[in-house]
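To keep things clear, I will list the structure first and then write my remarks on it.
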Amino acid sequence: MPRCSRKGCGIDYTEGDTGMCSYHPGAPVFHEGLKSWSCCKDINKPVLDFDEFMQIPACTEIQGHTTEAPQITPAAQTVPVQSISQTTVDGKEIFQVSGPPRNVSSAPPESPAVPAPVVLEVDDLNIPVAVGTLCRRKGCGTTFVGDAVNRQGDGEGTVCHYHPLPPFFREGSKGYLCCKRRVLEFDEFLKIQGCQTGRHCFVPVITEPKTEEQVECRVDHYQTPQQVHVSIFAKQVDKERSSVQFGDTKVMLDLYLPSKKRFSRTLELFGSIDPSSSSFQFFGTKLWNGQVELHLQKSDGRSWTVLEKTDRDLGNISLTFGVGGRTGTVGSKETILDEGNKSRT
């Protein structure tokens, strides 16, 4: 059974099939770790992970499938031109136009750092698999037909040729970190055969960590004359199990995260607050990307030099109140000082 060769489609079809083919007519774009398609980069947001890139929905539909890959015209690259002027002894100025300087460095290219070995997923044989499901291992591409063909016994259909390590893209070269082969074209990259063999993985076994892991989360803040607003950047917080408790001079945080991870911390505050007037909120939308917001009501109107108490000598620091910024006091449209700081100006 032939397989459609259009990028983003890749489904098996029968001769004469007039169904709709969803594909990407453009070329893949890899720049500074981001991956996207040139035909829909303004519609589909660039991603970092290669698996997410392969799941970007196709942007074009056409009737019928084909085994001939569409021809893509590469964008013309403009070569920067340098203009050099020079003044001779008799006062005449000479102009010279040249191309960009060539890199004559003979240093060998840096080899990519090989990451630590990854833990391979194991197929859960107790869970049924829908016909047409692709093997999850990188570089395999086998479509599930049935348990007797792909999961049971030692037949040819049970053998998985895969890449255990992630793909590698650098200066036009494409390949996998687990093997030495490198290609330039993306179509050739998709055809690189797996360097290891094993069993397919259609539905992985879900294993929960046995022990709970304590993790750190980034804490940011800003302040106004009446309040201090604190942001704890934590994704997918379990609202039912997590707790936030306010004291006169401290805040107790106990946040439960996925995969048995937990963030526990007590903030010893720089100043005192009113616990009854303080509040918190959980945010988990794409806009906030997972945050816990604390709104601390000051018991007085003085400026906080830092968020937490410290034994370090902070010196004669006079801060303004702001509504944004990592240091907590940058971004205000006007300068607002408390009585103590007004006397220093």
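Judged by distance alone, the side chain of Ser242 and the main-chain N or O of Lys239 form no donor-acceptor pair under 3.5 Å. With hydrogens and angles ignored, the 3.5 Å screen pairs a side-chain donor or acceptor of Arg199 with a backbone N or O of Arg151. At distances below 3.5 Å, at least one donor-acceptor pair connects side-chain atoms of Asp238 with backbone N or O atoms of Glu240. Asn150 places a side-chain N or O within 3.5 Å of a backbone atom of Val145 that can act as its donor or acceptor partner.
Using a 4.0 Å cut-off between charged side-chain N and carboxylate O, Arg262 and Glu212 make a salt bridge. Using a 4.0 Å cut-off between a side-chain N of Lys or Arg and a carboxylate O of Asp or Glu, Lys298 and Asp300 do not qualify as a salt bridge.
Side-chain atoms of Gln245 and Lys250 form no donor-acceptor pair, as typed in the model, at a separation below 3.5 Å. Side-chain contact, Glu293 with Ser231: a donor N or O sits under 3.5 Å from an acceptor N or O. Side-chain atoms of Asp254 and Ser264 include a donor-acceptor pair closer than 3.5 Å.
In this structure, Val129 is a member of the same hydrophobic cluster as Ile127, with clusters built from ILVMFWY side-chain heavy atoms closer than 4.5 Å. Taken together through direct or relayed side-chain contacts under 4.5 Å among Ile, Leu, Val, Met, Phe, Trp and Tyr, Val215 and Leu255 form part of one hydrophobic cluster. At a threshold of 4.5 Å between side-chain heavy atoms, the hydrophobic network of Ile, Leu, Val, Met, Phe, Trp and Tyr places Val219 and Phe246 in one connected group. At a threshold of 4.5 Å between side-chain heavy atoms, the hydrophobic network of Ile, Leu, Val, Met, Phe, Trp and Tyr places Val29 and Val47 in two separate groups.
Atom OG1 of Thr249 sits about 5.5 Å away from atom NZ of Lys309, to the nearest 0.5 Å. Separation of atoms CG (Asp123) and OG1 (Thr158) is listed at 11.5 Å; rounding is to 0.5 Å. Remark: Ser277 OG to Gln227 CD distance equals 9.0 Å, nearest 0.5 Å. Of the inter-residue distances, the one linking Ser243 atom OG with Leu253 atom CG reads 8.0 Å to the nearest 0.5 angstrom. One finds the OG1 atom of Thr197 at 11.0 Å from the CZ atom of Arg137 (value rounded to the nearest 0.5 Å). Rounding to the nearest 0.5 angstrom, the gap separating the CD atom in Gln226 from the NE2 atom in His295 is 14.5 Å.
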Q: Evaluate salt bridge (Lys or Arg N to Asp or Glu O under 4.0 Å) for Asp187 paired with Lys7, printing each intermediate quantity in order.
A: CA-CA 9 Å; Asp187 291 338; Lys7 298 180 178 66; 3.3 Å; yes
Q. Going through the checks in order, is the side-chain contact (heavy atoms from CB on, under 4.5 Å) test met by His24 and Cys40?
A. CA-CA 8 Å; His24 292 286; Cys40 57; 3.6 Å; yes
(Q) Walk me through whether Met20 and Gln63 qualify under side-chain contact (heavy atoms from CB on, under 4.5 Å). (A) CA-CA 4 Å; Met20 298 303 295; Gln63 190 171 9; 4.1 Å; yes
Q | Candidate pair Lys260 and Glu213, rule salt bridge (Lys or Arg N to Asp or Glu O under 4.0 Å), full reasoning | A | CA-CA 6 Å; Lys260 286 196 175 183; Glu213 179 185 0; over 6 Å; no
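A distance of 6.0 Å or more separates the ring centres of Phe263 and Tyr256.
Atom CD of Glu308 has more than 12 heavy atoms from other residues, nucleotides or ligands within 6.0 Å. Other residues, nucleotides and ligands contribute only 12 or fewer heavy atoms inside 6.0 Å of the CD atom of Glu156. Within a 6.0 Å radius of CD in Glu268, more than 12 heavy atoms belonging to other residues, nucleotides or ligands are found.
Looking at every heavy atom in both residues, Ile232 comes nearest to Cys217 through CG2-CB, 4.0 Å. In terms of heavy-atom proximity, Lys174 sits nearest to Leu184 at NZ-O, 2.7 Å. For the residue pair Trp304 and Ile273, the shortest heavy atom distance occurs at CH2-CG2, 3.7 Å. Looking at every heavy atom in both residues, Cys135 comes nearest to His200 through SG-ND1, 3.6 Å. Between Leu165 and Tyr176, the closest heavy-atom pair is O-CD2, 3.5 Å. Closest approach of Ser38 and Gly26 over heavy atoms only: OG-CA, 3.4 Å.
Residues Gln291 and Phe282 are not in side-chain contact: their nearest non-hydrogen atoms beyond the backbone lie 4.5 Å or more apart. Within the 4.5 Å cutoff, side-chain heavy atoms of Leu120 are placed close to those of Tyr162. Using a 4.5 Å heavy-atom cutoff, the side chains of Ile192 and Val183 are in contact. Residues Val244 and Leu294 form a side-chain contact, since some pair of their non-hydrogen atoms from C-beta on lies under 4.5 Å apart. Taking 4.5 Å as the limit, every side-chain heavy atom of Thr266 sits out of range of all side-chain heavy atoms of Val251. Taking the side chain as every heavy atom from C-beta outward, Glu61 and Cys21 never approach each other to under 4.5 Å. Taking the side chain as every heavy atom from C-beta outward, Leu296 and Val230 approach each other to under 4.5 Å. Taking the side chain as every heavy atom from C-beta outward, Glu121 and Arg136 approach each other to under 4.5 Å.
Relative ring orientation between Phe144 and Phe202 is described as perpendicular, the plane-to-plane angle rising above 60° on a 0-90° scale split at 30° and 60°.
Of the options Phe53, Phe168, Trp37, a ring-ring contact (aromatic ring centres under 6.0 Å, His included) to Phe30 is made by Phe53 and by none of the others. Screening Cys160, Cys179, Pro164, Cys178 against Gln196 for a side-chain contact (heavy atoms from CB on, under 4.5 Å) leaves a single residue, Pro164.
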